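Data first, discussion second: the structure below is written as C-alpha cells.
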Amino acid sequence: MRHIIILLFLLAATVMQAQVPSEDKILEGDLLFAYSSTAGRAISEATVHDSNELPFYHVAIATWVEGKLYALEAIDEGVTLTPFELFCERIAKSQGGLRVGRLRDRSGVEQSVSNALMYLGKPYDDLYMIDTQEIYCSELVQLSYVNGKGQRLFPLINMSFHDSNGRILDYWREHYAKHGMAVPEGALGTNPAQIAHDPAVEIVLGIAFTQ
C-alpha cells in the first residue's frame with residue numbers, strides 16, 4: 001500500500017511540475033494538442049502517417065474563466081469546460097503530452113472562443129460526421145475559429161481512416177459496422193493533426209508528462 005501511495009504522489013507531482021510553470025504562458029484561444037502512444041491510437045494511426053510526427057489524437061481550446069484556465073473540449077461527455085489541471089492529469093495517465101498551438105494572427109481569437117462556447121452541452125459525435133447536432137474535438141475548432149474578418153481559418157479535408165499503407169484500419173471497420181455504416185473514407189471532416197500543422201498555427205510550448 002505504501003508503494004502505491006508513493007507512486008500516486010509522484011504522478012501528481014509530475015503533473016504539477018509540468019503544468020504550473022506553463023499555465024501562465026498559455027493565452028486565451030491557444031490550442032491544446034494531446035498526443036500519446038496509447039490513448040486515441042486509432043485516431044492517430046489514421047491521421048498521422050509520418051513516423052517523425054507526434055501522434056496527436058485530441059485538440060482542445062484554452063480559455064480563462066474568472067482567472068482560472070480551462071480546456072474547452074468535445075469529449076465523450078459532450079462539449080464541456082475541463083479545469084486545466086484535470087485535463088493534464090488525464091493526458092498524463094495516458095503516458096502522453098501536450099503541444100500548445102497559437103494562432104499567428106490573433107485578431108479573431110476573442111470571436112473564435114465566443115463561437116466555441118456556444119457549443120457547450122452539445123453531445124459528442126463518435127461517428128465524426130459534419131453537419132450533425134453532435135460535435136467532435138477538431139470539429140469544434142474548425143467550426144469556431146475565424147480570422148479578424150470572421151472567415152473560418154481551418155478548411156475541411158477528406159477524412160482518413162487508413163494506415164500508412166492505405167489499408168482501412170480494422171478498428172474503424174468494426175466501429176462503423178456497429179452503426180450499420182460503411183467507413184466514410186474520404187468524406188469531408190477534420191482532425192487534430194491537420195489543425196496542428198496548419199500554417200495558421202505556431203507551436204509555442206511543449207509539456208511532457210513522465211513517470
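The structure presented is a predicted model; accordingly, all values stated were derived computationally and were not measured.
Put simply, the side chain of L188 does not reach to within 4.5 Å of the side chain of M159, judged on heavy atoms. Proximity of Q111 to V146: side-chain heavy atoms (C-beta onward) are separated by under 4.5 Å at one or more points. Side-chain atoms of N191 and I43, non-hydrogen and from C-beta on, never get closer than 4.5 Å to each other. Taking 4.5 Å as the limit, every side-chain heavy atom of V201 sits out of range of all side-chain heavy atoms of L153. Side chains of K122 and E134 form no contact here, defined as non-hydrogen atoms less than 4.5 Å apart.
One hydrophobic cluster, built from ILVMFWY side chains closer than 4.5 Å, holds both L156 and F161. Criterion: ILVMFWY side-chain heavy atoms under 4.5 Å apart, direct or through other members. Under it, V79 and I75 are not part of a common hydrophobic cluster. Hydrophobic clustering keeps Y136 apart from I195 (ILVMFWY residues linked when any side-chain heavy atoms are closer than 4.5 Å, directly or through intermediates). If you chain together hydrophobic residues whose side chains sit under 4.5 Å apart, V113 and L120 fall into the same group. Residue L32 is grouped with residue L69 when hydrophobic side chains (ILVMFWY) are merged at heavy-atom distances under 4.5 angstrom, including chains of intermediate members.
Although no hydrogens or angles enter the test, the distance criterion places no donor-acceptor pair under 3.5 Å between the side chain of S114 and the main chain of E110. One N or O on the side chain of E28 and one on the backbone of W64 form a donor-acceptor pair closer than 3.5 Å.
Between the CD1 atom of I135 and the OH atom of Y128 there is a distance of 13.0 Å, given to the nearest 0.5 Å. Atom NZ of K68 and atom CD of E66 lie 10.5 Å apart (nearest 0.5 Å). Atom CD of E139 sits about 9.5 Å away from atom OG of S144, to the nearest 0.5 Å. Taken to the nearest 0.5 Å, the CG atom of L27 stands 10.0 Å off from the CG atom of L205. One distance of note links CD1 of I61 with CG of D30; it measures 11.0 Å at 0.5 Å rounding. Summarising the geometry, atom OG belonging to S36 is positioned 9.0 Å from atom CD1 belonging to I91; distances are rounded to the nearest 0.5 Å.
Within the structure, the ring-ring contact (aromatic ring centres under 6.0 Å, His included) test picks out no pair touching residues 86-125 (sequence neighbours left out). Listed by first and then second residue, the salt bridge (charged side-chain N to carboxylate O under 4.0 Å, His left out) pairs involving residues 69-83 are E73-R90 (not counting sequence neighbours). For the side chain to side chain donor-acceptor pair (under 3.5 Å) condition, the pairs that include at least one residue of residues 170-184, sequence neighbours left out, are R167-D170.
The minimum heavy-atom distance linking V48 with A193 is given by the pair CG2-CB, 3.8 Å. Of all heavy-atom pairs between G186 and N158, the closest is O-ND2, 2.8 Å. Smallest separation of non-hydrogen atoms from T47 and S160: CG2-O, 4.3 Å. The shortest heavy-atom contact between A74 and L140 is N-CD2, 4.2 Å. Closest non-hydrogen pair, A60 versus H58, comes out as CB-NE2, 4.3 Å. Shown here for F84 and I207, the closest heavy-atom pair between the two residues is CZ-CD1, 4.3 Å.
Using a 30° and 60° split on the angle between ring planes, Y145 and F154 fall in the tilted class, from 30° to 60°.
Remark: Y57 pairs with no residue by the ring-ring contact (aromatic ring centres under 6.0 Å, His included) rule, at least two apart or across chains. Not counting sequence neighbours, H197 has no partner by the ring-ring contact (aromatic ring centres under 6.0 Å, His included) test. Shown here are the salt bridge (Lys or Arg N to Asp or Glu O under 4.0 Å) partners of D125, two or more places apart in sequence or in another chain: there are none.
No hydrogens or angles considered: nothing links the side chains of Q194 and S138 as a donor-acceptor pair under 3.5 Å.
When the options T190, V59, L72 are evaluated for a side-chain contact (heavy atoms from CB on, under 4.5 Å) with V141, the one that passes is V59.
Within a 6.0 Å radius of CD in Q151, more than 12 heavy atoms belonging to other residues, nucleotides or ligands are found. By the neighbour-count criterion of 12 heavy atoms within 6.0 Å, atom CE of M181 is densely surrounded, having more than that number from other residues, nucleotides or ligands. Other residues, nucleotides and ligands contribute only 12 or fewer heavy atoms inside 6.0 Å of the CZ atom of R41.
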(request) Please assess E45 against L169 for the test side-chain contact (heavy atoms from CB on, under 4.5 Å), listing each intermediate value before the final yes or no. (result) CA-CA 8 Å; E45 284 186 349; L169 295 162; 3.8 Å; yes
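The pair R104-D198 fails the salt-bridge criterion, with no side-chain N (NZ, NE, NH1 or NH2) lying under 4.0 Å from an Asp/Glu carboxylate O.
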